[in-house]
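The block underneath contains the structure these notes are about, expressed in structure tokens.
Side chains are part of it too, since the values below use all heavy atoms of this structure and drop only hydrogens, waters and symmetry mates. The sequence lines fix the lettering, A, B, ..., with proteins before strands; numbering per chain opens at 1.
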2 protein chains.
Amino acid sequence: MAKPTNKIIDSSTEEKIKEAAKKLFTQKGFNAVKTREIAAASGINLALLNYYFRSKQKLFEIVMAENLFAFKNGMSNVLNDDHDDIFVKIEKMASYYIDTLKVNPNLALFVVNAIHDNQHDIFDDKLDPLQKSRNNFAKQFMKSIEEGKITPINPIHILSNIIGLIVMPFLAKPMMLKRLKISDKEFTSAMEERKKLIPIWIKAMLKIN
Amino acid sequence: MAKPTNKIIDSSTEEKIKEAAKKLFTQKGFNAVKTREIAAASGINLALLNYYFRSKQKLFEIVMAENLFAFKNGMSNVLNDDHDDIFVKIEKMASYYIDTLKVNPNLALFVVNAIHDNQHDIFDDKLDPLQKSRNNFAKQFMKSIEEGKITPINPIHILSNIIGLIVMPFLAKPMMLKRLKISDKEFTSAMEERKKLIPIWIKAMLKIN
DNA sequence: GTCTATATTCTGATAGAC
DNA sequence: GTCTATCAGAATATAGAC
């Protein structure tokens, strides 16, 4: 009889390293995290990190790709109802984005840096779970314009606006806390408010009847 | 007769290092840039970097402060008219921001990285040329709320919104060009549009009478 | 697979000749 | 002021015993 493998609760060394790395990279970014720190956090020996992942860079890429995939996967579930009104979709999108960034405040910076590194191969997943939702959203948007519900607008603007309103406070968070003299708790609470406000603002922008 | 010094076209070693450093730090952030890289890019010897600037950190701070000071100085000129309506101010702010980012599209990424490097001491200039404008803007904003022209709103939101709408497209530019299949020219043209659109959107958000 | 010990590389900084 | 050579330390990566 073969030795049983546990694919559900994977507490293998490999998985332990990945979990610790995910947490650290996500919180602190690539450069600030040291391999010894990852080894310590996952309770494994430093040498095993290279045994399993060849290099810190490779580990980083794997972990972040998984982060991004998980996010997209979740987002695709959030947007799966094709009967949702477009503003309901935007509201769900904002909520899911903000919940993710609250837990994972470095993800935004990672993505922005990856974009500027011309590493946006990371976004060309062969099996991008968001592709369908994105296409549906675009179609729905064009239809709303045709029906006169939305003032015609260059897609670059609507994309910039939705993403900008959601993501920017997280990118600027450390400065905002300092400049506006607010606590982490107040920041989080303001982000909760934005879940409702952003769809309202977007609606106002698009001059809905 | 003393040797003439050229203070207008300063091609001194010191200046060459600063220019190369400015470009690299702006593109890649503090940690990702190595002193050897700066030396190579400026065509000088590595030792001279420390000779002139004592340390990488010191060089970074000087360069960063200059970048930011130039921007803030320009912005303060733009916002100098206290009789401007608050939405005129926002329009001028958007224009100046966008013009800066068009020339220096990496400045945004640079600032965001600096913020997350906990190097935002750099923003605490002793002689911040924007301080007065910022205070005036805040006062004007509060007054508009008192007068019922603007729905009361948490300052974190208005700050996030203005900066987010202006800056995000530049942060996401490489992805946007690819995802939306648009040219650099079309992007630039859309950014020109935003100079007018952003104040309109902000106005809509704030439910002006 | 896991560990200890160590090799190797990278990086900021400096000493000292010119 | 500028260069060559090099140090000191940190950090990544690997060899080899178990």
Subject >> A:Lys56 side-chain N/O to A:Val33 backbone N/O, donor-acceptor pair under 3.5 Å >> reply: yes

Go through the side-chain N and O atoms of [X] and [Y] and say whether any donor and acceptor fall under 3.5 Å apart.
X: B:Thr26; Y: B:Asn67; value: yes
X: B:Glu186; Y: B:Ser183; value: yes
X: A:Arg194; Y: B:Asn161; value: yes

Return the value, rounded to whole Å, for the distance between atom [atom1] of [X] and atom [atom2] of [N].
X: B:Lys58; N: C:dT14; atom1: NZ; atom2: P; result: 14 Å
X: B:Asn45; N: C:dC18; atom1: CG; atom2: P; result: 16 Å
X: A:Tyr51; N: D:dA17; atom1: OH; atom2: P; result: 17 Å
X: B:Leu48; N: C:dA17; atom1: CG; atom2: C1'; result: 14 Å

**OP:** Taking side-chain hydrogen bond (donor to acceptor under 3.5 Å, both in side chains) as the test, write out the residues that go with B:Glu37, two or more places apart.
**Re:** B:Lys28

**OP:** May I ask you to say what B:Phe53 touches in the nucleic acid, namely base, sugar-phosphate or nothing, with a heavy-atom cut-off under 4.0 Å?
**Re:** nothing

Original post:
Can you name the ring-ring contact (aromatic ring centres under 6.0 Å, His included) partners of B:Phe53, sequence neighbours left out?
Top reply: none

Original post:
Between D:dC3, C:dG1, C:dC3, which nucleotide has the shortest distance from any of its atoms to the side chain of A:Tyr52?
Top reply: C:dG1

**OP:** Determine, for nucleotides 7-13 of chain C in 5'-to-3' order, which nucleotides have protein heavy atoms under 4.0 Å from the base (write B), from only the sugar-phosphate (write S), or from neither (write -).
**Re:** ----BBB

